[in-house]
Amino acid sequence: EAGVAQSPRYKIIEKRQSVAFWCNPISGHATLYWYQQILGQGPKLLIQFQNNGVVDDSQLPKDRFSAERLKGVDSTLKIQPAKLEDSAVYLCASSLDGGAYTDTQYFGPGTRLTVL
Amino acid sequence: DAKTTQPPSMDCAEGRAANLPCNHSTISGNEYVYWYRQIHSQGPQYIIHGLKNNETNEMASLIITEDRKSSTLILPHATLRDTAVYYCIVRVPQGGSEKLVFGKGTKLTVNP
């Protein structure tokens with residue numbers, strides 16, 4: 001079974017530029033998550049989709065971050081404009097059914113963003 | 001905020017058992033304990049989860065105390081490839097979704 005795919009793996013931009021990350025979840029997984037992981041910390045949930053609807057975006061900085069999952073499959077996370085503090089690894093995860101207590105999340109390899 | 005406390009780092013000799021502790025004294029009766037690990041430059045990987053009873057799978061064993069206030073993840077025969085950050089997570093109900101809240105985890109180093 002193919003895992004969660006993410007691209008690009010690495011991205012370097014200057015502050016105030018925009019950037020987009022792409023995620024393709026495991027086939028058949030209804031729930032998709034985006035996490036931000038700053039160096040030395042654990043991942044922090046930014047947004048959770050159930051199919052193409054948002055379940056939780058309470059920690060998404062909506063003035064600069066946006067995410068979409070238009071057809072309920074792959075997803076894009078965008079930052080515009082980027083700040084220095086956005087330097088982090090952005091992880092995508094998917095699960096079969098996010099509403100189930102024992103649902104397991106499977107993570108992609110992440111995109112490492114460096115903002116100069 | 002994370003609801004668990006873990007030591008920041010641990011060492012283990014290759015071939016020996018690695019016992020990683022986790023305190024979750026405020027856990028509620030219906031909250032599960034999950035363990036994930038993250039090898040350098042990779043995304044987190046699911047290891048095991050449990051509610052009350054001890055659990056075992058091909059990767060590890062999970063021992064949960066009777067009062068459920070702490071647990072221990074056991075890697076029975078640690079290898080160099082088990083060097084990673086191990087996260088103990090209490091799964092938090094969140095408006096119909098059960099989100100994972102990661103702390104800083106324990107950095108396990110397996111030495112040859």
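Chain identifiers are assigned alphabetically (A, B, ...) following the order of the sequence lines, protein sequences preceding nucleic acid strands; residue numbering begins at 1 within each chain. None of the values given here were measured: they were computed from a predicted structure.
A continuous path of Ile, Leu, Val, Met, Phe, Trp and Tyr side chains, each step under 4.5 Å between heavy atoms, connects B:L51 with B:Y34, placing both in one hydrophobic cluster. Under the 4.5 Å side-chain heavy-atom criterion for Ile, Leu, Val, Met, Phe, Trp and Tyr, B:M10 and B:I74 are members of distinct hydrophobic clusters.
Within 6.0 Å of atom CD in A:E14, 12 or fewer heavy atoms from other residues, nucleotides or ligands are found, so the atom counts as exposed in its surroundings. Annotation for B:K107: atom NZ counts as buried by contact number, over 12 foreign heavy atoms lying within 6.0 Å. In A:R64, the CZ atom is crowded: over 12 heavy atoms of neighbouring residues, nucleotides or ligands sit closer than 6.0 Å.
Taking 4.5 Å as the limit, every side-chain heavy atom of A:F107 sits out of range of all side-chain heavy atoms of B:Y46. Side-chain contact check for B:L100 versus A:Y35: some heavy-atom pair is nearer than 4.5 Å. Contact of the B:Q45 side chain with the A:Y106 side chain is not registered, since no non-hydrogen atoms from C-beta on lie closer than 4.5 Å. Between A:L91 and B:Q38 there is a side-chain heavy-atom pair separated by less than 4.5 Å.
Among pairs with a residue in residues 25-75 of chain A, none fulfils disulfide bond (SG atoms under 2.5 Å apart), at least two apart in sequence or across chains.
Using a distance-only test at 3.5 Å, with no hydrogens or angles considered, no donor-acceptor pair links the side chain of B:Y87 to the main chain of A:P43.
Highest contact tally toward chain B, considering only A:Q6, A:Q37, A:Q41, is held by A:Q37 [criterion: heavy-atom pairs under 4.5 Å].
Residue contact with chain B, scored on non-hydrogen atoms closer than 4.5 Å, involves the backbone of A:P109 exclusively.
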